[in-house]
Amino acid sequence: MGTAWVRRVIGAMASLGAIVALAGAAAAAPGRPGDIRGRWSCDPVMGPGCGLGLSAVAFTASDDGWAVGKGGVILRFAAGGWLEAPSPTELPLHGLAIRGIDDGWAVGGACAADGRCEGIVLRLDRDGWAVDAKLPDIVLSAVSMWDGDQGWAVGGRCRPDARCRGVLMRYEAGAWSVAATPDVDWLYGLALPTEDDGWAVGDDCAGDRRCHAVLFHYSEGLWQRQDVGPPDTRLHAVAMRDASSGWAVGETCAQQPCRGAILRFADSRWTVVRDDIAQPLRTVAVGAGGVGWAFGQACVLPCRTPILRLAGDEWIEVDSRTSKGVASLAVVGAAEAWAVGADCLTAGECRAAVLHFSDNEWRDEGVRLGAQLEDVAFAAAFDGWAVGTDGTLLRYAGDGWSEASSPMRGHLHAVALDGPASGWAVGDNGAILRLVGGTWTMVPSPTRERLNGIAVPYDAFGRPQAGAAWAVGDGGTILKLIGDTWVVADDGARSHRPLADVALNGADDGWAVGWGGQTLRLVGGRWKPIEQRVTTEWLQAVALGADGGAVAVGAKGTVLVWNGAAWRLAPVPAESADSLLRDIAIGHDGQGWAVGSGGLILRRDRDGAWTNVISPTSANLAGVALLEGLDAWSVGADGAILYFRAEDVSGAVRAIHRLWLPRVTR
């Protein structure tokens, strides 16, 4: 495909989590995770779990609003809080136009790695959101609608091996049609204060290798281009007070670093009024009475996201207490506004961000979409479980993931299966759950310490042994299952430092790892600390190797290998040097996976060498489970569920049952 679209969209929107090129998820048939062989992809059944970002927000009143974003996520604001609404798409949504409580439009789309693009238009009515149109080769960024079902949308049109061009689409007589594909890179913003007057903005960076601001004026049924401003200027958003006055924001890069720029429309012309903002500006909104806000792009701490407030005809910078990126603004009244975007600065992951202006200050609403999934385990290819925060228990039975009833509300950190529909899970306050016949129940625990890891032993044929297990946790806690009873195994090995994970071969052969690089070995039923210390980093997980050895992973990309006599540091890709590796899984042939912060995925080959692979997510990954060969599942933050299929499975048809977990967002 032409690279112009990728360059432009990443520069203007992807840093805010507002748009993503589908590196596999969109190309896979819905409900068939892993249909793309040899590449990790997000499981579409679970919805928006691959690193979240919100890209558009709109309100009809102070107590009625909507927000949309990556993964097709749709949020509804009602009764003073944000709740997730069912969405008919997994494609990212970029633009939103709401005309009433049950009357609205959302647009979006993305391009796959092979250059194929698909756009989406959703319509809101009394029955909720539904797909109104699918648009091959088109991705839409913004939409504006009027009563009488007329309106416009803007974005870009991309075909494989061809340059992307801006697109203007019209909705009339119940159908969408392409009105024009002007010779510009992309159109990002759209504002039409009346049915016959408005503006679209974007940029064009292809002609003389310098970016030029692009403005299109709609009047008397025609769109006409008006170039404004010096070269090296790009526009990302536009807001009109009325047909005769408005504002556009973006950036100017004539000098490095790039600075935020503001253009004003008055007296029938656009002029640059500010080009001295510390960071490029990403969005602008103007409400009734001339109330207006503009936000800059996110930046690396300790800097703050620029926030400007419109006072009369001047933009005044206000004290910013956030470094989160904002992609869209909605002005509700003279003293209230909302901003949505993404927080991509925490451990490399992207999470949804919602800011609320009231009582004369901006506050973070603390939106959380989806449970933090901590661990995943499979007894067979179509029999698996994932656990996480708030007692989350998810089951995979071959036709998608579904939520199971949980006997607790505390956090679960690890799960291990010892047979079909049989296993264990552990978590906060010493919680131990038993799975029997598909139902989880609490069982008595001998400790109140947080339990972080659990493992069941395997026999010589690789079959789990029921009735035997070990668990480890904070305070150096080690628990052993004897019959149906868990007991504390305090045999002098306890260091009172947290233990993070345990792995077993037989019932009396295994490893435990934890804080400060500590490792313990289970020999003859007794745990013995290994005095040799090759790292002081916190080890997060351990797995048994194919040759009787072991591999442990942890902070700062640490990978340790036990060669039968001593631990040694293994070389790892440079990309993982500053990452936290959270889990590891190794098969009988020595191949396997390690996952960690920021969506990091490492592959281990038969010779023990590690390579970094393309990840479809920026969400922190916490658990990985190996099936057969290299086929695997991984889970993590915001409900992220990823699947890897190394080989195609003929005739594997999996029905999609979209599941939305209950989420509290305030």
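Keep in mind that what you see is a predicted model, and the values were worked out from it rather than measured. Throughout, numbering of the chain's residues begins at 1 and tracks the sequence. Computed from heavy atoms alone, side chains included, the values below leave out hydrogens, waters and symmetry copies.
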Non-hydrogen side-chain atoms of M408 and W440 separated by less than 4.5 Å: no
Electrostatic pair R606-D589, nearest N-O below 4.0 angstrom: yes
L412, V426, T441 screened by side-chain contact (heavy atoms from CB on, under 4.5 Å) with L433, the one that passes: L412
V523 side chain reached by D509 side chain, heavy atoms, under 4.5 Å: no
Reported CG-to-CG distance for the pair L504 and L544, which is rounded to 0.5 angstrom: 7.5 Å
Rounded distance (nearest 0.5 Å) linking atom CG of L481 with atom CH2 of W486: 5.0 Å
Intermediate values then yes/no, salt bridge (Lys or Arg N to Asp or Glu O under 4.0 Å), E374 and R582: CA-CA 9 Å; E374 295 281 352; R582 289 285 308 277; 2.9 Å; yes
Side-chain H-bond candidate by donor/acceptor type, D364 with H356, under 3.5 Å: no
Side chains of E84 and V73 in contact at under 4.5 Å (non-hydrogen atoms): yes
D418 and R434 ion-paired at < 4.0 Å: yes
F644 side, atom CZ; L627 side, atom CG - distance, nearest 0.5 Å: 11.5 Å
Check: D607 side chain, A609 main-chain N or O, donor-acceptor pair, under 3.5 Å: no
Flag side-chain contact, heavy atom, 4.5 Å: L393 against P407: yes
Within 6.0 Å of CD in E628, more than 12 heavy atoms from elsewhere: no
Proximity of W385 and W633 rings by center, below 6.0 Å: no
Check: N563 side chain, A565 main-chain N or O, donor-acceptor pair, under 3.5 Å: yes
side-chain contact (heavy atoms from CB on, under 4.5 Å) between V472 and T477, worked out: CA-CA 5 Å; V472 299; T477 300; over 6 Å; no
side-chain contact (heavy atoms from CB on, under 4.5 Å) evaluation trace for Q591 with L626: CA-CA 10 Å; Q591 295 187 98; L626 201 60; over 6 Å; no
Greater than 12 external heavy atoms within 6.0 Å of D578's CG: no
Flag, side chain of T558 to backbone of V553, donor-acceptor distance under 3.5 Å: no
Whether N620 side chain and G598 backbone form a donor-acceptor pair below 3.5 Å: yes
Side-chain donor or acceptor of T389 paired with backbone N/O of Q372 under 3.5 Å: yes
Qualifying residue for side-chain contact (heavy atoms from CB on, under 4.5 Å) with L499, from L520, T519, V513: L520
D583 side-chain N/O to V624 backbone N/O, donor-acceptor pair under 3.5 Å: yes
Donor-acceptor pair between R304 and T322 side chains, under 3.5 angstrom: no
Check: T392 and S406 side chains under 4.5 Å, non-hydrogen atoms: no
Side chains of N452 and D474, donor plus acceptor under 3.5 Å: yes
Donor-acceptor contact present, side-chain D375 to main-chain V415, <3.5 Å: yes
Salt-bridge contact R363-E365 (side-chain N to carboxylate O under 4.0 Å): no
Validation row: V326, W338 side chains within 4.5 angstrom (heavy atoms): no
Side-chain heavy atoms of I586 within contact of V551, under 4.5 Å: yes
Steps toward side-chain contact (heavy atoms from CB on, under 4.5 Å) verdict (N429, R450): CA-CA 5 Å; N429 300 314; R450 186 177 99 160; over 6 Å; no
Side chain S634, main chain L642, donor-acceptor under 3.5 Å: no
Pair W567 and W511, ring centroids less than 6.0 Å apart: yes
W593 six-ring centre to R604 NZ/CZ under 6.0 Å and within 45° of normal: no
Inter-residue atom distance E575.CD - W610.CH2, 0.5 Å rounding: 14.0 Å
Geometric class of the F378/Y396 ring pair [parallel <30°, tilted 30-60°, perpendicular >60°]: tilted
N/O donor-acceptor pair under 3.5 Å between S597 side chain and S579 backbone: no
Gap separating the CD1 atom of I641 from the CG atom of L621, nearest 0.5 angstrom: 11.5 Å
Close side-chain approach of L75 and V68, heavy atoms under 4.5 Å: no
Chi angles and distances behind the salt bridge (Lys or Arg N to Asp or Glu O under 4.0 Å) call for R395, E403: CA-CA 6 Å; R395 184 179 185 181; E403 188 175 20; over 6 Å; no
T305 (side chain) donor-acceptor with K324 (main chain) under 3.5 angstrom: yes
Between CZ on residue R526 and CZ on residue R521, distance to nearest 0.5 Å: 15.5 Å
R448 atom CZ: more than 12 heavy-atom contacts under 6.0 Å: no
Residue pair L373, V387: steps toward the side-chain contact (heavy atoms from CB on, under 4.5 Å) verdict: CA-CA 6 Å; L373 297 177; V387 301; over 6 Å; no
